[in-house]
Trainee: 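The structure's right below; bear with me while I get my questions together.
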There are 2 protein chains.
Amino acid sequence: MLAEGGQGMTVVGPCVTSMLRKAGLRPTRQRIALVSLLYGRGHRHVSAEALYEEALHAGIPLSLATVYNALHQFTEVGLLRELAADGAKSYFDTNVSDHHHFFVEAENRMIDIPATSVAFSDLPVPPEGMEITRIDVVVRLRRKV
Amino acid sequence: MLAEGGQGMTVVGPCVTSMLRKAGLRPTRQRIALVSLLYGRGHRHVSAEALYEEALHAGIPLSLATVYNALHQFTEVGLLRELAADGAKSYFDTNVSDHHHFFVEAENRMIDIPATSVAFSDLPVPPEGMEITRIDVVVRLRRKV
DNA sequence: ATTTGTGCAAATCGTTTGCATCTGA
DNA sequence: TCAGATGCAAACGATTTGCACAAAT
């Protein structure tokens, strides 16, 4: 279990700049815009493509490659957590604190599960010389019949 | 195991044929070969590409597209379970019973964790109208420093 | 001025698809 | 025979990369 420090940081204006600076990333126009979109309204699970579209609609012209760059850089510095939901595409979660996910299969949508809702009464022992970096629990959901 | 009466060069039990028949899949040369490779030696986690190479090296000429078809068909009929490890590529697990996985990040390798090694003391409640189809636990590992 | 980031388009990777040909029942 | 499977190559979607240009320190 890693990742702590998830008190929803409401980021607006100059905070964004210092947030990026603290992370060692130059606060460029594009990064500032992306961080604002990501943290503007609560926690989110975004795909690169979706964030790209959103930025364009918000009148921020940037390239898809820049979005990918930014998402990976943000992930490296701990601002985002990458989720391997299912299938081909990656999602990025603005909630980097310890928690898990429901995955709605039909919609490719993720819903947060607080860490406290999943308790391991027994932890698997990692193989010799290995250590646990993270435990991902994905609870797959289907519409009830 | 005895050789299947035919052109197959691998050691094939008659069970393979009936296994496919029971699943509603025509026991073709390619499917028989793939099932034999998959179930020949204990449980495995294979990617399409890896299985394809393996088949070629075993002297079974087939196309990558056929491997993809077969893997998905096998999954549909419950002979395999698809794993969304991490990143772009899919893995298929010959162990379809209830269990979980270690994921060795550096090697993209999966190791089974028996279901009994992970106990939930608290189960998350699915949202209204939804039901749980499966719970995947992935314990990510890194080489200890 | 120097360093770092950006945009674009082409390249890559895993996977899927269309269609002509082949094969098992 | 003939539905169903296969092979091939082209198509595809998501992501990455290479490099000239632009922006931040």
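Computed from heavy atoms alone, side chains included, the values below leave out hydrogens, waters and symmetry copies. All of these numbers come straight from a predicted model, not from anything done at the bench.
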Trainee: Using the ring centroid of each side chain, check whether His99(A) and His101(A) are separated by less than 6.0 Å.
Mentor: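 Ring centres of His101(A) and His99(A) closer than 6.0 Å.
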Trainee: If you assign each of Pro27(B) and Ala70(A) to its closest nucleotide in DNA chain C, which residue comes earlier from the 5' end?
Mentor: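 The residue whose closest nucleotide sits nearer the 5' end is Ala70(A).
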Trainee: The side chain of Ala65(B) is closest to which nucleotide in this list: dT15(D), dC8(C), dA9(D)?
Mentor: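 Nearest to the side chain of Ala65(B) among the choices is dA9(D).
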Trainee: Tell me if the side-chain of Arg26(A) makes a donor-acceptor pair with the base of dT3(C), cut-off 3.5 Å, by modelled atom types.
Mentor: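 It does, because a donor-acceptor pair links the side chain of Arg26(A) to the base of dT3(C) below 3.5 Å.
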Trainee: At their closest point, which heavy atom of His100(B) faces which heavy atom of Ile135(B), and how far apart are they?
Mentor: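 Minimum heavy-atom contact is CE1-O, 3.3 Å.
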Trainee: Are Lys144(B) and Glu131(A) ion-paired here, with the side-chain N under 4.0 Å from a carboxylate O?
Mentor: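 Salt bridge between Lys144(B) and Glu131(A), a charged N being under 4.0 Å from a carboxylate O: no.
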Trainee: Report which part of the nucleic acid Gln30(B) touches: base, sugar-phosphate, or nothing (heavy-atom distance under 4.0 Å, all strands).
Mentor: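 Result for Gln30(B) = sugar-phosphate.
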Trainee: Ala88(A) has a side chain; which of dG7(C), dA14(D), dT6(D) sits nearest to it?
Mentor: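 The listed nucleotide nearest to Ala88(A)'s side chain is dA14(D).
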Trainee: Using the side-chain heavy atoms of Thr28(A), tell me which of these nucleotides is nearest: dA24(D), dT17(C), dT25(D).
Mentor: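 The answer is dA24(D), which lies nearest to the side chain.
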Trainee: Within the structure shown, what part of the strands sits under 4.0 Å from Ser47(B) by heavy-atom distance: base, sugar-phosphate, or nothing?
Mentor: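 It contacts nothing in the nucleic acid.
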Trainee: Nearest to the side chain of Thr66(A) - dT16(C), dG7(C), dA25(C)?
Mentor: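 For Thr66(A), the side-chain atoms sit closest to dG7(C).
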Trainee: Does dA25(C) have OP1 or OP2 sitting under 4.0 Å from an N or O in the side chain of Arg21(B)?
Mentor: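 Yes, Arg21(B) has a side-chain N/O under 4.0 Å of OP1/OP2 on dA25(C).
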Trainee: Just compare dT6(D), dG7(C), dT17(C) and give me whichever is closest to any side-chain atom of Arg31(B).
Mentor: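 In terms of side-chain proximity for Arg31(B), the closest of dT6(D), dG7(C), dT17(C) is dT6(D).
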Trainee: Between Phe92(B) and His72(B), is the ring centroid distance below 6.0 Å?
Mentor: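 So the answer is yes for these two rings.
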Trainee: Starting at OH of Tyr68(A) and ending at C1' of dC8(C), how long is that distance when rounded to a whole Å?
Mentor: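 It works out to 16 Å between those atoms.
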